[in-house]
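In what follows, a structure is listed as structure tokens, so that the remarks can point back to it.
By convention in this document, chain letters (A, B, ...) are assigned in the order of the sequence lines, proteins followed by strands, and residues within each chain are numbered from 1. The structure displayed is predicted, hence computed values, not measured ones.
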Amino acid sequence: MERYPATKGGGRGATATAPGRARPAPQEAESAADLPPLLLLHRPRALRRARSMALPRLLRAAAPRLYSTVPAPAPAPAPAGNRPRADDDKLLTEPLSHPDFFSVKELFTLKDLFDARVHLGHKKGCRHRFMEPYIFGCRLDQDIIDLDQTMQHLQLALNFTAHVAYRGGIILFVSRRRQFCHLVESTARACGEYAHTRYWQGGLLTNAHIQFGPGVRLPDLLIFLNTLNNVFEPHVAIRDAAKMNIPTVGVVDTNCNPCLITYPIPGNDDSPAAVELYCKLFRMTIIRAKDKRRQSEAVEELQRKAQGK
Amino acid sequence: HLVSSSVSVPVSCCKMNSLWTVRLICTTTAVQKRNVGASGPEKYTEAFIKKQIEEFNLGKRHLANMMGEDPETFTQEDIDRAIAYLFPSGLFDKRARPLMKHPTEVFPEQRKIQWGEDGRPFHFLFYTGKQSYYSLMHVSMLFKHQDQLTNICDILNRNLAGSRWLTKIELEEMLLEKVSDNDYSRFIQLLQKLATLPCADIEEKYIQKFSKEVPAQLQKVVIEPLQHDERGVAFSTGEGKRKTARATAVVYDNGTGRITVNGIDILHYFPVLQDREQLLFPFQFLGRIGKHDMVCTVSGGGRSAQAGAIRLASAKALRSFVTEKEVEFMRQAGLLTVDPRVKERKKPGQEGPRRKFTWKKR
């Protein structure tokens with residue numbers, strides 16, 4: 001039985017890496033709960049923004065514990081009758097050695113993105129300053145998003161989502177657009193994940209222990225189909241997720257702020273065709289990742305049984 | 001189950017044949033745990049409820065043995081009678097008396113823990129906070145416009161029949177979570193919108209889950225038909241009351257305007273003009289002053305109250321002689337309404353119902 005306590009990862013504090021340095025290799029967790037941390041995935045240098053702030057940590061630090069007064073639940077006992085640790089590690093570390101373990105690149109092509117009108121941005125006046133690197137150009141006052149960059153970002157985001165889903169992480173789809181609310185909720189239900197397309201109550205992530213009850217598990221990944229809320233301001237969940245050290249994947253349009261989002265996907269978030277494409281892609285990746293996990297576990301079981309005999 | 005408390009305060013427990021009685025000795029703020037409000041209402045685990053049910057069943061059998069009855073056929077009413085006999089209580093509030101009920105009635109039905117062993121919540125809208133409410137709104141695939149033409153008559157029929165939507169409290173009970181006023185009004189709006197759409201059977205059933213039959217509320221008051229006595233004269237009876245006075249009036253047709261109260265003529269019974277005016281008002285309103293005879297009996301109340309009671313009784317009797325339109329006029333004039341005013345009680349600390357004691361500066 002695996003139970004996720006409030007802290008994840010070993011006692012690594014939130015140390016900032018200087019930009020330009022290679023990330024340190026991921027370490028094994030030494031926490032009492034005996035769980036491997038969410039490991040960092042290396043991102044190519046070309047996409048690192050020079051001006052951005054220190055990128056949010058993907059490892060959950062001890063920070064959340066400081067805010068809550070609820071004592072941490074007792075460390076879970078060792079999983080009863082499950083696989084021994086060595087196999088566990090192999091199951092979890094094996095996907096990380098491949099650059100594209102889940103073949104995410106096959107899911108979409110540039111033409112698909114173009115047909116779904118992903119490249120269409122807002123008018124020049126609505127442009128956000130931080131979105132300028134992602135914009136290809138401006139035609140008749142309308143911004144056009146660079147689809148090559150979108151391709152790369154989308155691959156990274158889908159790859160990350162697949163890894164999170166592979167490890168049994170909780171994924172929360174967030175969107176505050178009424179016309180896509182039903183679609184997003186149906187997508188989440190189809191994947192077996194969670195959705196939140198309604199009014200965001202302030203303390204949902206930061207005050208979860210009080211609102212939901214002690215021992216609740218927070219989402220491990222937030223996917224934003226629309227980064228803005230109904231009043232065209234950045235969604236509160238972006239800031240809250242950054243506070244709680246939860247990684248985020250978000251579709252950022254030309255009027256959005258990509259700053260606090262871990263894996264931004266520059267692209268159109270207003271056309272139904274584009275949003276349907278995103279939903280389809282996320283759904284396929286998550287289902288693929290979960291299927292792969294089940295397959296690997298089944299293979300492990302068979303191998304262990306064969307060895308045991 | 002018998003009254004139990006789960007707060008850690010000094011208690012005294014006494015056991016009577018495995019029926020635990022727990023009484024609070026004293027509570028001080030120091031003893032209570034801090035930040036009680038933040039933890040929300042008490043959450044009962046399934047194991048706890050199960051144990052309570054077992055104890056209840058055991059206690060029920062012991063109680064039956066004590067009372068000398070058959071444990072197998074010991075119903076809840078028998079339990080209530082036995083407890084009232086064994087623990088007689090003179091407390092006024094029935095809810096404060098000792099009670100022994102099935103734990104499902106004592107412990108309010110609550111949401112159990114919403115996530116599984118691995119921590120993943122069961123419902124896909126768990127993180128919204130109001131999962132049941134939003135899942136009601138997220139009724140997918142049901143409302144496709146399959147048949148535009150069918151069931152429009154059914155919709156009309158459904159609306160006309162006595163039905164109402166669930167109230168907010170009923171909705172909260174159904175969803176087991178709090179619903180705010182805005183949410184509730186939005187929900188009713190959406191239901192009304194859905195009800196106007198042409199929809200097939202599945203949707204009908206879905207909407208019917210949220211509507212309740214209102215029992216036949218047709219308050220058409222039946223006006224009794226005229227009766228005839230031995231002489232062939234038509235007459236009608238009416239009853240009226242005012243304050244403590246109760247009156248019955250029999251109004252005869254083809255009369256000369258003679259009115260008798262308790263066997264006495266009204267001139268002698270009601271010497272005051274105002275009372276006689278009250279009696280005659282219904283006849284004057286309908287323009288039938290010299291056309292009816294009336295015989296009334298009245299008891300209780302004072303002079304004015306008796307007059308008002310007879311007035312109401314005669315108006316009710318006159319309904320049988322008169323058209324529906326005129327009945328409506330009478331109703332609007334206030335002739336058919338019981339006057340609800342009664343003497344207000346005196347309150348302690350005051351001299352009368354409203355009058356306070358004289359205020360003295362020193």
Side-chain angles (χ1 to χ4, degrees), chain A residues 1-6 8 33 35 68-70 73 76-77 79-80 82 167-174 178 181-205 207-220 222 237 240 246, chain B residues 33-48 110-145 175-187 189-190 193-194 197:
Chain A
M1 178 193 80
E2 290 192 309
R3 181 168 286 164
Y4 287 75
K8 257 193 148 198
L35 293 161
S68 70
T69 50
V70 176
N82 276 8
R167 288 153 165 275
I170 294 181
I171 299 179
L172 186 62
F173 287 84
V174 180
R178 266 192 71 153
C181 146
H182 186 94
L183 172 67
V184 169
E185 288 187 345
S186 317
T187 316
R189 198 147 57 154
C191 308
E193 297 296 337
Y194 307 88
H196 186 110
T197 58
R198 312 284 175 167
Y199 178 74
W200 182 273
Q201 282 168 327
L204 227 110
L205 293 179
N207 204 18
H209 284 294
I210 309 286
Q211 290 203 352
F212 292 117
V216 69
R217 188 178 146 187
L218 288 180
D220 299 306
L222 253 59
D240 282 352
I246 302 173
Chain B
K33 57 180 189 205
R34 54 205 156 106
N35 218 5
V36 172
S39 54
E42 286 271 1
K43 294 241 177 354
Y44 306 110
T45 52
E46 272 204 61
F48 173 78
Q110 274 175 350
R111 296 286 230 33
K112 300 158 199 141
I113 301 288
Q114 295 292 316
W115 51 86
E117 278 190 350
D118 57 352
R120 290 185 73 103
F122 298 126
H123 201 277
F124 76 109
L125 291 175
F126 169 76
Y127 287 104
T128 56
K130 308 180 209 170
Q131 62 184 52
S132 320
Y133 173 75
Y134 286 130
S135 65
L136 286 181
M137 302 291 103
H138 181 78
V139 176
S140 61
M141 305 312 149
L142 278 186
F143 296 92
K144 287 191 204 145
H145 298 278
L175 301 180
L176 288 180
E177 62 187 19
K178 288 238 171 292
V179 175
S180 80
D181 292 332
N182 287 342
D183 289 342
Y184 174 70
S185 50
R186 178 94 186 107
F187 172 66
Q189 272 173 12
L190 288 172
K193 229 175 165 186
L194 285 173
L197 292 174

For each of A/Trp200, A/Tyr194, A/Tyr199, tally heavy-atom pairs with chain B at distances under 4.5 Å, and name the one with the top tally.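 Top option by heavy-atom pairs under 4.5 Å: A/Tyr194.
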
Under 4.5 Å from any heavy atom of chain B - which part of A/Glu185: both

Structural part of A/Ile170 lying under 4.5 Å from a heavy atom of chain B: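 Contact with chain B is through both the backbone and side chain of A/Ile170.
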
Please report the shortest heavy-atom distance between B/Thr128 and A/Arg198, naming the atom on each side. CG2-CG, 4.3 Å

Any idea which heavy atoms bring A/Glu193 and B/Phe124 closest together, and the distance?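 It is O-CB, 3.5 Å.
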
For B/Glu46, is the CD atom crowded, meaning more than 12 foreign heavy atoms sit under 6.0 Å from it? no

Nearest 0.5 Å please: distance from the CG atom of A/Leu205 over to the OH atom of B/Tyr127. 9.0 Å

Keeping A/Arg217 on the side-chain end and B/Asp118 on the backbone end, is there a donor-acceptor pair under 3.5 Å?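 It does hold such a pair.
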
Are side-chain heavy atoms of B/His123 and A/Arg189 found at a separation under 4.5 Å?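 In short, these two side chains do not touch, never coming nearer than 4.5 Å.
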
